[in-house]
Amino acid sequence: MDKDEFSRKTLTAPAPFADESSCQCQAPHEKLTVAQARLGTPVDRPVRVYADGIFDLFHSGHARALMQAKTLFPNSYLLVGVCSDDLTHKFKGFTVMNEAERYEALRHCRYVDEVIRDAPWTLTPEFLEKHKIDFVAHDDIPYSSAGSDDVYKHIKEAGMFVPTQRTEGISTSDIITRIVRDYDVYARRNLQRGYTAKELNVSFINEKKYRFQNQVDKMKEKVKNVEERSKEFVNRVEEKSHDLIQKWEEKSREFIGNFLELFGPDGAWKQMFQERSSRMLQALSPKQSPVSSPTRSRSPSRSPSPTFSWLPNKTSPPSSPKAASASISSMSEGDEDEK
């Protein structure tokens, strides 16, 4: 199987276990220096890099360390050794994940080409020769364990050690510390999710306490939700009232402007009232008669009006009673003559 074919396979399937894999290094295994490996030699095979560890609660710090080991050289093949539960519990302590879970976690990391189960705590020449390992990758901090000040001391002396950098702020111990520090929170969380007090190793009294605290938290959450909804309602009312006030002010200005246009000192209503008043005055006041009327011409067909001789002449009144009686007697004589 060539390199390109194997790379495609590892990206679409979990990395194989060393004891089940047919990917064996068939080329002659000659010792390489770091300088030679960085130049991409030899050309007939990849540089075989080994990294080991416990990898409990596999996290980004583990993945970054493996990424560095994989990219140390232009052409590399990364083998990852994972220690068993027995060795880990003996030399380091109890783990959260068992060995099978830790093996599977490593198989699904994209940088891993092969997983070696039940890896040794201290690397022996026989182990290095069996797996044709060229270099061992690990952080440069001395790892004191199993009665040794540094279990990688002999690897460093042989010129096979290549250092990687630790990722600050993340480690398995840090994660466990967070869980222990907030133990009550996670115990209550799992009780809510359906785990029993027996599964959580929680006493009867603590179980009741946690369940009561969960109820209190639910009530607090409800009150908080009500407060938030109330605040939202108040904010909406304030926004609407502000809009209403603004619209009311605009309408008020418009109403006052229209009122002044109609009823102001120079308003249209005053002009209209004056026009109507003048019209009413003209209608109620009579027109003056002309001083002299034109003389009508008499029609020739009409006869002149008869003269009434009996009408008394417009003369001056009699100056004395005798004259008045004389005029009356003369009028009576005239009447008799006419008869």
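Heads up: numbering here begins at 1 and tracks the sequence.
Of all the heavy atoms in S76 and P46, the pair that sits closest is C-CB, 4.0 Å. For the pair A158 and K31, the tightest heavy-atom approach, listed with the atom from each and the gap, is O-NZ, 3.5 Å. In terms of heavy atoms, P120 sits closest to C83 at O-SG, 4.2 Å. Nearest heavy-atom pair, S241 versus E238, reported as atom, atom and distance to 0.1 Å: OG-O, 2.8 Å.
Side-chain contact between R45 and N75: absent, with no pair of heavy atoms (C-beta onward) separated by less than 4.5 Å. No side-chain heavy atom of M160 sits less than 4.5 Å from a side-chain heavy atom of D134. Counting heavy atoms from C-beta on, the side chains of R211 and L191 come closer than 4.5 Å. In this structure, E249 and I245 have side chains that are in contact, with non-hydrogen atoms separated by less than 4.5 Å. Put simply, the side chain of L66 does not reach to within 4.5 Å of the side chain of T164, judged on heavy atoms. Residues R107 and V112 fail the side-chain proximity criterion, which asks for heavy atoms closer than 4.5 Å. The side-chain heavy atoms of Y77 and V47, taken from C-beta on, include no pair separated by under 4.5 Å. In this structure the side chain of D113 never reaches within 4.5 angstrom of the side chain of L79, judged on heavy atoms.
More than 12 heavy-atom neighbours from other residues, nucleotides or ligands sit within 6.0 angstrom of CG on D19. The environment of Y183 atom OH is dense: over 12 non-hydrogen atoms of other residues, nucleotides or ligands sit within 6.0 angstrom. A 6.0 Å sphere centred on CD of Q165 holds no more than 12 heavy atoms belonging to other residues, nucleotides or ligands. Within a 6.0 Å sphere centred on CG of L244, other residues, nucleotides and ligands contribute more than 12 heavy atoms. Residue D243 qualifies as enclosed at atom CG: its count of foreign heavy atoms under 6.0 Å is above 12.
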**Asked** Would L39 and Q36 satisfy side chain to side chain contact (heavy atoms under 4.5 Å, CB included), going step by step from the backbone distance to the final call?
**Response** CA-CA 5 Å; L39 291 175; Q36 289 175 331; 5.8 Å; no

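Taking 4.0 Å as the cut-off between side-chain N and carboxylate O, E20 and R117 count as a salt-bridged pair. Taking a cutoff of 4.0 Å between a charged side-chain nitrogen and a carboxylate oxygen, E126 and K130 do not qualify as a salt bridge. Remark: R236 does not engage E239 in a salt bridge, criterion side-chain N to carboxylate O under 4.0 Å. Ion pair K156/D140 flagged as a salt bridge, since at least one NZ, NE, NH1 or NH2 atom sits closer than 4.0 Å to an Asp/Glu carboxylate oxygen. One finds no salt bridge joining D184 and R189 here, because no Lys/Arg side-chain nitrogen approaches an Asp/Glu carboxylate oxygen to under 4.0 Å.
Residues passing the ring-ring contact (aromatic ring centres under 6.0 Å, His included) test with F94, sequence neighbours excluded: H89.
Under the 4.5 Å side-chain heavy-atom criterion for ILVMFWY residues, a single connected hydrophobic cluster contains both V136 and F91. Placement of F135 and V115 within a single hydrophobic cluster is found when ILVMFWY residues are connected by side-chain heavy-atom separations under 4.5 Å, directly or transitively. Note: the hydrophobic cluster containing V82 also contains L78 (ILVMFWY, side chain heavy atoms under 4.5 Å, direct or indirect links). A continuous path of ILVMFWY side-chain contacts below 4.5 Å connects M97 to I179, so both sit in one hydrophobic cluster. Following chains of ILVMFWY side-chain contacts shorter than 4.5 Å, one cannot reach V216 starting from Y186, and the two form parts of different hydrophobic clusters.
Judged by distance alone, with hydrogens and angles left aside, the side-chain atoms of T95 form no donor-acceptor pair with the main-chain N or O of N98 at under 3.5 Å. Looking at H131, its side chain never comes within 3.5 Å of a backbone N or O of R48 through a donor-acceptor pair.
The closest side-chain donor-acceptor pair between D85 and T88, if any, does not fall under 3.5 angstrom. If you check the side chains of Y152 and D52, you find a donor sitting under 3.5 Å from an acceptor.
The NZ atom of K231 sits 7.5 Å away from the CD atom of E228 when rounded to the nearest 0.5 Å. Annotation: the span from R178 atom CZ to I175 atom CD1 amounts to 6.0 Å, rounded to 0.5 Å. Atom CD of E221 sits about 12.5 Å away from atom CG of N214, to the nearest 0.5 Å. The CG atom of D150 sits 9.5 Å away from atom NE2 of H138, with the distance rounded to the nearest 0.5 Å. Going from atom NE2 of H62 over to atom CE of M67 covers 14.5 Å, rounded to the nearest 0.5 Å. The NZ atom of K222 lies 15.0 Å from the NZ atom of K220; values are rounded to the nearest 0.5 Å.
Ring orientation note: the planes of W121 and Y143 are tilted relative to one another, at an angle of 30° to 60°. Between F17 and Y103, the ring planes are perpendicular. Angles over 60° get that label, and only those under 30° would be called parallel.
A cation-pi arrangement is absent between R102 and F55, since the terminal nitrogen or guanidinium carbon is not both under 6.0 Å from the aromatic centre and inside a 45° cone about the axis. Cation-pi geometry between K70 and Y111 is not satisfied (NZ or CZ under 6.0 Å from the ring centre, within 45° of the ring normal).
In summary, the aromatic rings of F127 and Y50 are positioned with their centroids under 6.0 Å apart.
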Using a 3.5 Å cut-off and no angle test, enumerate the donor-acceptor pairs between side-chain atoms of residues 166-174 and protein atoms at least two apart in sequence or in another chain.
residue, atom, partner, partner atom, Å
T167, OG1, R64, NE, 3.3
S171, OG, D174, N, 3.1
S171, OG, D174, OD2, 3.1
T172, OG1, D56, O, 2.7

